[in-house]
Number of protein chains: 2
Amino acid sequence: MAHSHDHTVCVEQALAEAERICEERGSRFTDLRRRILKMIWQGHKAVKAYDLLDQLANEGGSAKPPTVYRALDFLMEEGLVHKIESLNAYIGCPHPGDSHVSQFLICDKCETVKEVTSRTLSEAVMAAATSADFAIRRQTLELHGLCSNCRQGAKAA
Amino acid sequence: MAHSHDHTVCVEQALAEAERICEERGSRFTDLRRRILKMIWQGHKAVKAYDLLDQLANEGGSAKPPTVYRALDFLMEEGLVHKIESLNAYIGCPHPGDSHVSQFLICDKCETVKEVTSRTLSEAVMAAATSADFAIRRQTLELHGLCSNCRQGAKAA
DNA sequence: ACAGTGTTGTTATGCTGTAACATTGTTGTG
DNA sequence: CACAACAATGTTACAGCATAACAACACTGT
Ligand SMILES: [Zn+2]
Ligand SMILES: [Zn+2]
Ligand SMILES: [Zn+2]
Ligand SMILES: [Zn+2]
């Protein structure tokens with residue numbers, strides 16, 4: 001988020017929801033997966049797979065790429081994490097559980113990624129697809145630019 | 001394109017336009033860049049950098065990655081080619097010259113990529129950004145699914 | 001105890017992309 | 001033409017992103 005906030009709340013909420021969702025579905029929210037999800041939630045920036053790998057290594061133990069990618073695959077399948085294609089990086093979903101299509105606002109300055117779900121936008125996407133007789137199964141919608149906060153900083157300076 | 005067509009026309013037109021645009025701007029449409037643009041236009045699918053590399057190698061000579069990536073950078077800067085982030089692949093722009101934001105319809109079956117420029121969609125994107133007080137500089141909008149042709153094939157079968 | 005399944009560890013490799021420096025080609029100037 | 005300046009390409013080396021294949025371990029239910 002651009003504005004400051006108590007981020008520990010974000011993290012705890014995300015972990016609690018993940019726990020609940022996996023419980024419901026009978027999928028296993030193991031310690032490794034929990035650790036990685038927590039790392040991804042260390043802020044509102046998208047996190048790179050190899051940064052996760054490094055952090056795992058620092059916590060002791062010798063982590064290898066598959067460890068991280070398998071956890072990421074799991075988290076994405078469960079809808080707990082999204083991949084930002086234009087960054088090759090991963091971000092926690094702020095509202096997993098309820099199925100949704102999302103769009104991302106990515107600030108190129110502070111790197112904050114905000115997930116939004118605009119109904120209007122979704123409908124426009126649908127309309128565009130329909131008029132081309134195209135059946136959407138998955139969408140990547142990533143908007144890069146400057147967040148409100150970073151633009152105000154620029155003006156002040 | 002899903003429907004069959006005389007693709008040599010597409011290619012020739014793309015190359016001619018590229019020539020014209022570079023001429024206008026005083027940028028150099030060298031032989032290498034021309035060859036690579038032509039390869040990208042071998043169809044309406046997105047092409048991978050290392051496939052271009054292989055083709056260069058096959059045409060004799062020992063091409064290395066930077067050769068390809070530099071050409072791609074040039075072509076993208078001139079707006080002759082777009083990158084499809086969700087595929088790590090590159091596709092020729094069917095209407096370079098006129099500045100535009102585009103969206104891509106990517107068929108997961110036949111791999112055809114269609115570039116569209118929907119005004120409604122662009123406006124919805126703008127509206128979503130504005131309402132989040134976000135200033136867009138670049139957008140990635142990639143819709144994966146099935147094109148009309150591939151769905152009809154499925155029904156018939 | 002045991003089989004079956006899912007998770008993690010390990011090794012190796014493939015794909016994607018760039019940094020840095022050498023060489024060659026092009027353009028304009030005296 | 002000789003020469004400087006710059007753009008483009010060649011070359012080597014490496015960094016970053018991701019998966020295949022198999023081994024070891026853990027959890028489940030019988
Ligand atoms: Zn937060
Ligand atoms: Zn920002
Ligand atoms: Zn064509
Ligand atoms: Zn298709």
Distances under 3.5 Å between protein N/O atoms and the N/O atoms of nucleotides 16-22 of chain D, please, pair by pair.
{"from": "dC17(D)", "atom 1": "OP1", "to": "Lys48(A)", "atom 2": "NZ", "distance (Å)": "2.8"}
{"from": "dA18(D)", "atom 1": "OP1", "to": "Lys83(A)", "atom 2": "NZ", "distance (Å)": "2.5"}
{"from": "dA18(D)", "atom 1": "OP2", "to": "Tyr69(A)", "atom 2": "OH", "distance (Å)": "3.2"}
{"from": "dA18(D)", "atom 1": "OP2", "to": "Tyr90(A)", "atom 2": "OH", "distance (Å)": "3.1"}
{"from": "dA18(D)", "atom 1": "N7", "to": "Tyr50(A)", "atom 2": "OH", "distance (Å)": "3.1"}

| remark: One should read off an interatomic distance between Leu146(B) CG and Ile136(A) CD1, to the nearest 0.5 angstrom, of 11.5 Å
| Quick one: side chain to side chain contact (heavy atoms under 4.5 Å, CB included) partners of Ser102(B), sequence neighbours excluded? | His82(B), His100(B), Phe104(B), Glu115(B), Thr117(B)
| field | Nucleotide dT18(C), atom P - distance to CZ of Phe74(B) in whole Å | value | 17 Å
| For atom CZ of Arg35(B) and atom C1' of dG10(D), their distance in whole Å | 13 Å
| task | For the pair Lys48(A) (side chain) and Leu87(A) (backbone), establish whether a donor and an acceptor sit closer than 3.5 Å, ignoring hydrogens and angles. | result | yes
| When clusters are formed from ILVMFWY side-chain contacts under 4.5 Å, directly or step by step, what else is grouped with Leu53(B)? | Val11(B), Leu15(B), Ile21(B), Phe29(B), Leu32(B), Ile36(B), Leu37(B), Met39(B), Ile40(B), Trp41(B), Val47(B), Tyr50(B), Leu52(B), Leu56(B), Val68(B), Tyr69(B), Leu72(B), Phe74(B), Leu75(B), Met76(B), Leu80(B), Val81(B), Tyr90(B)
| message | With rounding to the nearest 0.5 angstrom, report the CZ to CZ distance, Arg33(A) to Arg35(A). | response | 13.0 Å
| query | Could you state the CG-P distance from Asp31(A) to dC25(D), rounded to the nearest angstrom? | reply | 18 Å
Table of protein N/O atoms under 3.5 Å from nucleotides 24-28 of chain C N/O atoms:
none

| request: Answer yes or no: does a side-chain N or O of Ser62(A) lie under 4.0 Å from OP1 or OP2 of dG9(C)? | output: no
| said: Between Arg33(A) and Lys64(A), which residue's closest nucleotide on DNA chain C lies nearer the 5′ terminus? | reply: Arg33(A)
| field | Distance in angstrom units between Arg34(B) CZ and dT9(D) P, rounded | value | 14 Å
| query | Between dT12(D) atom C1' and Leu53(B) atom CG, what is the distance in whole Å? | reply | 14 Å
| request: Determine: side-chain N/O of Thr67(A) to OP1/OP2 of dT10(C), distance under 4.0 Å, yes or no. | output: no
| said: For a quick check under 3.5 Å, do Glu85(B) and Thr140(A) share a side-chain donor-acceptor pair by atom type? | reply: no
| request: Measure from CZ on Arg25(B) to P on dA7(D) and round the result to the nearest Å. | output: 17 Å
| field | Length of the line joining Glu77(B):CD and dA7(D):P, which is rounded to integer Å | value | 13 Å
| query | Rounding to a whole Å, what distance do you find between Leu32(B):CG and dT11(D):C1'? | reply | 15 Å
| field | side chain to side chain contact (heavy atoms under 4.5 Å, CB included) partners of Asp6(A), counting only residues at least two apart | value | Thr8(A), Val9(A)
| request: Could you note down all residue pairs passing salt bridge (Lys or Arg N to Asp or Glu O under 4.0 Å) where residues 122-136 of chain B supplies at least one of them, sequence neighbours left out? | output: Arg151(A)-Asp133(B), Arg119(B)-Glu123(B)
| message | How long is the straight-line distance from OG of Ser86(B) back to CD of Gln139(A), given to the nearest 0.5 Å? | response | 11.5 Å
